[in-house]
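For reference, the structure discussed in these notes is given below.
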Amino acid sequence: MPEQYLDILEESLKKKIEVLNEIILKNEEQQKILEAEEFEPEVFDQNTQAKGELIDRLNLLDSGFEKVFERVKEELETNKEAHKEQIRRLQDAIREITEKSVFIQTTEERNRKTVEQKFKKEHEKIQFGKNSMKVAKQYYNNMRGINGGIASAFVDNKQ
């Protein structure tokens with residue numbers, strides 16, 4: 001019976017590695033989206049949603065792993081020698097997962113900083129556009145004489 005549980009744990013870790021690999025690919029895609037000349041918010045949003053779904057799958061795998069592990073924890077602690085090979089494979093998988101998780105955290109942090117810079121630039125573009133519109137409107141109004149512009153100085157108000 002413990003071998004079946006250990007097989008389930010091993011399979012769960014393999015699936016987790018696959019999901020982490022997919023997240024790494026999504027992070028690479030996200031980096032390309034952010035580095036592109038023209039920022040496409042819809043594509044960025046789709047990428048972010050896909051990563052969210054992968055993270056949800058990862059959380060489900062973690063939850064399932066913990067539940068199964070609780071069932072075999074005592075057996076593993078008391079009969080380490082009998083399950084030596086499977087324990088080693090589980091440990092190797094956990095090391096790989098840890099390395100991938102650290103790599104993902106690093107790329108997530110880099111992408112987060114890039115997103116902040118990209119959004120700051122987009123905000124500045126919008127602000128520049130608003131200011132340009134405001135200046136243009138003021139110019140237009142001045143030329144029409146609404147704000148006591150130059151045109152009223154040339155008009156004779158006497159009747």
Side-chain angles (χ1 to χ4, degrees), residues 3-73 76-77 80 83-144 146-147 149-150:
E3 285 80 19
Q4 292 172 335
Y5 286 124
L6 291 173
D7 289 341
I8 292 170
L9 290 176
E10 198 170 345
E11 186 62 32
S12 175
L13 292 177
K14 286 179 184 177
K15 287 180 182 178
K16 188 170 180 177
I17 289 169
E18 290 172 8
V19 172
L20 289 170
N21 286 333
E22 290 181 50
I23 291 173
I24 289 170
L25 289 174
K26 289 295 177 191
N27 277 348
E28 290 171 358
E29 286 176 18
Q30 189 176 63
Q31 184 178 2
K32 289 176 184 175
I33 293 167
L34 293 170
E35 291 174 349
E37 189 79 22
E38 185 69 30
F39 180 68
E40 299 181 61
E42 316 80 39
V43 176
F44 180 78
D45 190 43
Q46 290 170 352
N47 176 278
T48 303
Q49 287 178 355
K51 276 178 30 180
E53 291 169 7
L54 290 170
I55 290 168
D56 290 343
R57 281 181 44 202
L58 206 56
N59 289 335
L60 282 172
L61 288 168
D62 279 344
S63 176
F65 181 90
E66 289 175 21
K67 289 176 184 174
V68 173
F69 183 75
E70 284 302 315
R71 292 184 178 181
V72 294
K73 183 178 177 181
L76 292 175
E77 290 172 353
K80 285 182 183 178
H83 308 290
K84 184 178 175 179
E85 186 58 32
Q86 278 190 306
I87 291 172
R88 186 194 57 75
R89 285 196 308 268
L90 291 172
Q91 290 171 335
D92 289 345
I94 290 170
R95 270 189 220 90
E96 185 177 352
I97 288 168
T98 302
E99 290 170 5
K100 288 181 184 299
S101 295
V102 169
F103 179 75
I104 288 170
Q105 287 175 347
T106 303
T107 57
E108 282 288 332
E109 181 62 23
R110 183 185 62 230
N111 285 351
R112 184 188 62 78
K113 288 178 181 177
T114 305
V115 165
E116 287 175 355
Q117 291 172 349
K118 184 66 88 171
F119 286 164
K120 183 178 178 183
K121 284 181 183 178
E122 292 296 318
H123 179 73
E124 288 171 356
K125 285 180 187 177
I126 291 169
Q127 284 301 110
F128 179 76
K130 284 181 180 178
N131 289 340
S132 296
M133 291 293 288
K134 183 177 177 183
V135 168
K137 184 177 180 183
Q138 286 175 339
Y139 176 78
Y140 176 74
N141 288 339
N142 284 337
M143 294 292 84
R144 284 187 43 213
I146 292 176
N147 292 329
I150 300 169

Residue set satisfying salt bridge (charged side-chain N to carboxylate O under 4.0 Å, His left out) with Glu109, at least two apart, ordered chain then number -> Arg112

Is there side-chain contact between Leu54 and Leu20, with heavy atoms separated by less than 4.5 Å? no

Taking atom types as modelled, is there a side-chain donor on Asn111 or Gln30 under 3.5 Å from an acceptor on the other? yes

Please identify each residue that fulfils side-chain hydrogen bond (donor to acceptor under 3.5 Å, both in side chains) with Arg89, with sequence neighbours left out. Glu10

Quick note, side chain to side chain donor-acceptor pair (under 3.5 Å) partners involving residues 52-65, not counting sequence neighbours, are Lys16-Asp62

Using the test salt bridge (charged side-chain N to carboxylate O under 4.0 Å, His left out), find all partners of Arg88 that sit at least two apart in sequence or belong to another chain. Glu85, Asp92

Distance, nearest 0.5 Å, that separates OH of Tyr5 from NE2 of His83: 13.0 Å

Show your working on side chain to side chain contact (heavy atoms under 4.5 Å, CB included) between Thr48 and Lys26 and close with a plain yes or no. CA-CA 8 Å; Thr48 303; Lys26 289 295 177 191; over 6 Å; no

Taking ring-ring contact (aromatic ring centres under 6.0 Å, His included) as the cut-off, I'd like each qualifying pair that reaches into residues 29-53, sequence neighbours left out, listed once. Phe39-Phe44, Phe39-Phe119

Given Phe69, which of Ile8, Leu6, Leu76 fulfils the side-chain contact (heavy atoms from CB on, under 4.5 Å) condition? Leu76

Stepwise side chain to side chain contact (heavy atoms under 4.5 Å, CB included) check, Ile24 with Lys100: CA-CA 8 Å; Ile24 289 170; Lys100 288 181 184 299; 4.3 Å; yes

CG (Asn27) and CD (Glu108) are apart, to the nearest 0.5 Å, by 4.0 Å

Can you name the closest pair of heavy atoms from Ala93 and Ile17 and give their distance? O-CD1, 4.1 Å

Crowded around Arg110 CZ? As in, over 12 foreign heavy atoms under 6.0 Å? yes

Could you name each residue pair satisfying ring-ring contact (aromatic ring centres under 6.0 Å, His included) that touches residues 96-118, not counting sequence neighbours? none

What pair of heavy atoms forms the shortest contact from Ala36 to Lys118, and how long is it? O-NZ, 3.4 Å

So which heavy atom on Thr107 is nearest to which on Ile104, and how close? OG1-O, 3.0 Å

Donor-acceptor pair, Asn47 side chain versus Glu29 backbone, under 3.5 Å? no

Decide yes or no on side chain to side chain contact (heavy atoms under 4.5 Å, CB included) for Asp7 and Gln86, but give the supporting numbers first. CA-CA 8 Å; Asp7 289 341; Gln86 278 190 306; 2.6 Å; yes

Quiz question: by atom type and distance under 3.5 Å, do the side chains of Glu42 and Gln46 form a donor-acceptor pair? no

Check this for me: does any side-chain nitrogen of one of Glu18 and Lys15 sit under 4.0 Å from a carboxylate oxygen of the other? no

Would you please test Ile23 and Leu58 for side chain to side chain contact (heavy atoms under 4.5 Å, CB included) and show each step? CA-CA 10 Å; Ile23 291 173; Leu58 206 56; 4.0 Å; yes

